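Working notes, beginning with the structure itself.
Quantities reported herein were computed from a predicted structural model and do not represent experimental measurements. Heavy atoms only: backbone and side chains are in, while hydrogens, waters and symmetry mates are out. In what follows, chains are A, B, ... by sequence order, proteins preceding strands, each numbered from 1.
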Amino acid sequence: MTNISKSLVEWYSRYKRDLPWRETKNPYHIWVSEIILQQTRVNQGFNYYYRFIDKFPDIKSLAFSNIDDLLKIWQGLGYYSRARNMHFTAQDIINNYDGEFPSDYSELIKLKGIGDYTASAIASISFNQATPVLDGNVFRVIARIYGISESTQRNAGKKHFKKILQEIIPDENPGTFNQAIMEFGALQCTPKNPDCENCILKSVCFAYTNNMVAELPLKKQKITQRIRYFNYIYIIYKDFTFIEKRTNNDIWKLLYQLPLIETENKVSIENLEKTQEWNQLFEGLEPEIDINFYKKKHILSHQILVTHVYKVRINTMNDFLLNNYLKIYMSTLPKYGIPKLLENYLKVANK
DNA sequence: ATCCCGTCCG
DNA sequence: CGGACGGGAT
């Protein structure tokens, strides 16, 4: 065990946070926690983890669950493909692995939704394999300590980081080492303003000794955001409203939403009423539009959604609504998994 | 504004 | 290999 590994593990035993998934080696629990924690901060993932395990305590309950129920649990967490892939993989494990989680990295990585990071995490934590994890935290820690200015965007860069990690990961308790270096990145070696003066590794850290902490790791180039215009319509018909399921390969796939008219540009309600979609929606009806409407810019990593939600009351229905949307009691809306944007809206609208 | 940097898909 | 995929925290 190298000095650096030893320092990290000792630091970890002293400063680690108590987290529910750290009390187990059960691969199912580790899997659930690792998937939730991808792209998600620990604090945010906490309650999702509890709800998930409560609702789906084992692989079997997940495999036989309804995807709608799973997405309801996942609502607001984002990256919904994670939930869809988990559902698929749970069934895959029941059908093709006798319901037993594979115990080897090479098998784990074949599963849908499990890539290099998650396969390494499960293999090391649950099955004691010395497979180093490389996530954003580890990337930062290694880049700074060893002074690596390569990007992990490219395979060559990733290999370099992996090679270093493979050399310092101990054979004994590799899972603890993996968690230690990630926790160190999350708490000590933070992206901004890390507390280097009080760091146990400052004497061996390349970035610190060369005054390059701000420059390492290499910054990711930012992506351009596409602007989209979403006009949602909250239709009220007696005690009912109308929703639809998003099935295209687009954001929020398999989540539910209010009737949507997406436009090329920002449109006023007057111009929205002139669109073909609007006229189809309300053909033969006399929609009463609430003069108050909801307006919000919803920012995603890769899209900016300029959103309006209009509340519209109708007294009769037409075939188009009945054929293309789900007519549901408004009171049952909370049962459906919907995008955060609409969740936020409904909180205001139903007040 | 910048961080999440994981995985899949085309 | 490059782009798509959410939403919150800081």
Suppose we screen for side chain to side chain donor-acceptor pair (under 3.5 Å). Which residues come up paired with A/Asp195, at least two apart in sequence or across chains? A/Asn198
By nearest heavy atom, map A/Asp116 and A/Ser301 onto DNA chain B; which one lands nearer the 5' end? A/Ser301
Comparing A/Leu134 with A/Lys219, nearest DNA chain B nucleotide closer to 5' gives the residue A/Lys219
Separation of [X] atom [atom1] from [N] atom [atom2], in whole Å?
{"X": "A/Ile142", "N": "B/dC5", "atom1": "CD1", "atom2": "P", "value": "17 Å"}
{"X": "A/Met182", "N": "B/dC3", "atom1": "CE", "atom2": "C1'", "value": "17 Å"}
{"X": "A/Asp250", "N": "B/dG10", "atom1": "CG", "atom2": "P", "value": "14 Å"}

Under-4.0 Å salt bridge between A/Lys162 and A/Asp116: yes
Would A/Glu167 and A/Lys163 pass as an ion pair if we require N to O under 4.0 Å? yes
So the ring-ring contact (aromatic ring centres under 6.0 Å, His included) pairs with at least one residue in residues 82-119 of chain A (sequence neighbours excluded) are A/Trp31-A/Phe101
Tell me the ring-ring contact (aromatic ring centres under 6.0 Å, His included) pairs involving residues 129-182 of chain A, sequence neighbours left out? A/Phe139-A/Phe161
Under a 4.0 Å heavy-atom cutoff, the residues of residues 103-113 of chain A touching DNA chain B are A/Leu111, A/Lys112, A/Gly113
Base, sugar-phosphate or nothing for [X]? Non-hydrogen atoms, less than 4.0 Å.
{"X": "A/Ile299", "result": "base"}
{"X": "A/Lys253", "result": "nothing"}
{"X": "A/Thr118", "result": "sugar-phosphate"}
{"X": "A/Arg140", "result": "sugar-phosphate"}
{"X": "A/Asn137", "result": "nothing"}

Parsed dot-bracket for DNA chain C after applying the Watson-Crick and G-U rules with both distances under 3.5 Å and | for other-strand partners is |||||.||||
Closest heavy-atom pair, A/Ile125 versus A/Glu34, reported as atoms and distance to 0.1 Å, is CD1-OE2, 3.9 Å
If you take all heavy atoms of A/Lys238 and A/Ile236, which pair is closest and at what distance? O-CG2, 3.8 Å
With no hydrogens and no angle check, just 3.5 Å: does a side-chain donor-acceptor pair link A/Asp319 and A/Asn323? no
Tell me yes or no: between the side chains of A/Tyr229 and A/Glu262, is some donor less than 3.5 Å from an acceptor? no
A/Tyr79 ring centre to A/Arg82 NZ or CZ under 6.0 Å, with the angle to the axis within 45°? no
Roughly how far, to the nearest 0.5 Å, is NZ of A/Lys297 from CG of A/Leu305? 11.0 Å
Members sharing A/Ile289's hydrophobic cluster (side chains within less than 4.5 Å): A/Ile233, A/Ile235, A/Tyr237, A/Phe240, A/Phe242, A/Ile261, A/Val267, A/Ile269, A/Leu272, A/Trp278, A/Leu281, A/Phe282, A/Leu285, A/Phe293, A/Tyr310, A/Val312, A/Ile314, A/Met317, A/Phe320, A/Leu321, A/Leu322, A/Tyr325, A/Tyr329
Among pairs that include at least one residue of residues 19-28 of chain A, which meet side-chain hydrogen bond (donor to acceptor under 3.5 Å, both in side chains), considering only residues two or more places apart or in two chains? A/Tyr12-A/Arg22, A/Arg22-A/Gln179, A/Arg22-A/Glu183, A/Asn26-A/His29
If you measure from the P atom in C/dG6 to the same atom in B/dC9, how many Å do you get, rounded? 13 Å
Can you tell me, in whole Å, how much space there is between the C1' of C/dG3 and that of B/dC5? 14 Å
Quick one: how far along DNA chain C does chain A reach, first to last nucleotide 5' to 3', anything under 4.0 Å to a heavy atom? C/dC1 to C/dG8
Give a yes or no on this: more than 12 heavy atoms of other residues, nucleotides or ligands lie within 6.0 Å of atom CG of A/Asn3. no
Which residues in residues 36-45 of chain A have a heavy atom closer than 4.0 Å to any atom of DNA chain C? A/Gln39, A/Arg41, A/Gln44
Contact list for DNA chain C against residues 65-81 of chain A - heavy-atom distance below 4.0 Å: A/Gly76, A/Gly78, A/Tyr79, A/Tyr80
For A/Glu107, check salt bridge (Lys or Arg N to Asp or Glu O under 4.0 Å) against everything at least two apart and list the hits. A/Lys110
Residues in ring pair (Phe, Tyr, Trp, His ring centres under 6.0 Å) contact with A/Tyr50, at least two apart in sequence or another chain: A/Phe46
